[in-house]
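The figures that follow rest on heavy atoms only: side chains count, while hydrogens, waters and symmetry mates do not. Here the structure is a predicted model, which is why all the values come from computation and not from measurement.
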Amino acid sequence: QESLDALLNVIISFAVSLFLAPVVHELGHISFADAMKMQVVYTKFFCFKIQVKNKKVRPYFASPFAPDETQAIPKKGGNMQKRAVWYTLGGIIYSGAMLFVVLAGAVTLSCLGYFKGQLWGFIPYTAYLFLMNVFPFEYPSGKTDMLVYKGIKKGYEAEQNMLAAMEIQGQLYEGKSYAEIDETLYYNVPQLAEDEPLFAVMLDLRYRYHLEKGETDKAAECLNRLALLQIYLPQNEVEKIAGELVYFHALNGDLERAEACGQACKTY
């Protein structure tokens, strides 16, 4: 009877860890983002996601099979590499601390003759989540935290673009306009493949930079290239681009194209 109770405790504890371990991991990113002067705008863990829209925090249900992640925007510019490093490592640090405490407690109590199924049940998934992120791999769902960290430290092409985009976002948050930010941040970065998400991010930033500068030809070039990336973008981003095309065609007095693009983004 004692062994059945212990087994039940292990099973219940394992089920709880499926929820709690991702929460702790994302809390690591959230707490380090706050410490690095970043504002969290989206986080997803297990079957929940929290999104900030119009300065309001909105909770939603999400697929438990979708990748967990946290997205943050810098609230100021400067020292972006160091800040991005700590933000990236926050999840690993919290997951590792949780694993150490639970494993140490389970082993210590077992050595003293007390088997605690509640602790042992936490270990498998907590260890899995920690080990999955502590090695520099890329899965179909994206890069692990350690691979992003490695890219930041060694200056990989994608991470160089990421840091430039974050610096631009930080300066925008401080009150600068796109046109007031140094042009080298928009262009002094390695070229990426078109299916890389940051390729679209940098194109969007360049579009807004040239639009504010009154350089409509260059802005149109960036926007048209964005429109050609539909195959790589989620539907909500495609609708946003269509909205920008409506605006741009309207500026140029091309009513026919503006109305055609408007059909693609009525809801947006």
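- Ring-plane geometry between Phe61 and Phe48 is classed as tilted, the angle between the planes lying from 30 to 60 degrees on a 0 to 90 degree scale.
- Between Met162 and Ala84, the closest heavy-atom pair is CE-CB, 4.5 Å.
- Within the 3.5 Å criterion, the main-chain N or O of Pro190 finds a donor-acceptor partner in the side chain of Asn161.
- Checking side-chain atoms of Lys44 against main-chain N and O of Ser63 turns up a donor-acceptor pair under 3.5 Å.
- Here Tyr42 pairs with nothing under the ring-ring contact (aromatic ring centres under 6.0 Å, His included) rule; sequence neighbours left out.
- In terms of modelled atom types and a separation under 3.5 Å, the side chain of Glu180 and the main chain of Ser177 share a donor-acceptor contact.
- Contacts of Tyr209 classified as ring-ring contact (aromatic ring centres under 6.0 Å, His included), with partners at least two apart in sequence or in another chain: Tyr186.
- With respect to Glu159 and Lys154, no salt bridge is recorded, no charged nitrogen being found less than 4.0 Å from a carboxylate O.
- For Lys49, the salt bridge (Lys or Arg N to Asp or Glu O under 4.0 Å) criterion is met by no residue, not counting sequence neighbours.
- A search for ring-ring contact (aromatic ring centres under 6.0 Å, His included) contacts involving Tyr60 returns nothing, not counting sequence neighbours.
- Annotation: ring pair (Phe, Tyr, Trp, His ring centres under 6.0 Å) contacts involving residues 219-268, sequence neighbours excluded, are absent.
- In summary, Glu237 and Lys240 engage in a salt bridge, as defined by a charged side-chain N under 4.0 Å from a carboxylate O.
- Partners of Lys56 under the side chain to side chain donor-acceptor pair (under 3.5 Å) rule, at least two apart in sequence or in another chain, do not exist in this structure.
- Applying the side chain to side chain donor-acceptor pair (under 3.5 Å) rule to Ser95 yields the partners His25; only residues at least two apart in sequence or on another chain are considered.
- Under the salt bridge (charged side-chain N to carboxylate O under 4.0 Å, His left out) criterion, the residue pairs touching residues 242-266 are Arg208-Glu244, Asp254-Arg257, with sequence neighbours excluded.
- Judged as a side chain to side chain donor-acceptor pair (under 3.5 Å), and not counting sequence neighbours, Glu138 has no contacts.
- Smallest separation of non-hydrogen atoms from Gly78 and Arg83: O-NH1, 2.9 Å.
- Nearest heavy-atom pair across Ala165 and Val201 is CB-CG1, 4.0 Å.
- Scored by the salt bridge (Lys or Arg N to Asp or Glu O under 4.0 Å) test, Lys76 finds no partners at all (sequence neighbours excluded).
- Classified by interplanar angle (parallel below 30°, tilted 30° to 60°, perpendicular above 60°), the ring pair Phe137/Tyr139 is perpendicular.
- Under the ring-ring contact (aromatic ring centres under 6.0 Å, His included) criterion, Tyr178 pairs with no residue at all, not counting sequence neighbours.
- Gln51 pairs by the side chain to side chain donor-acceptor pair (under 3.5 Å) definition with nothing, not counting sequence neighbours.
- Relative ring orientation between Trp86 and Phe32 is described as parallel, the plane-to-plane angle staying below 30° on a 0-90° scale split at 30° and 60°.
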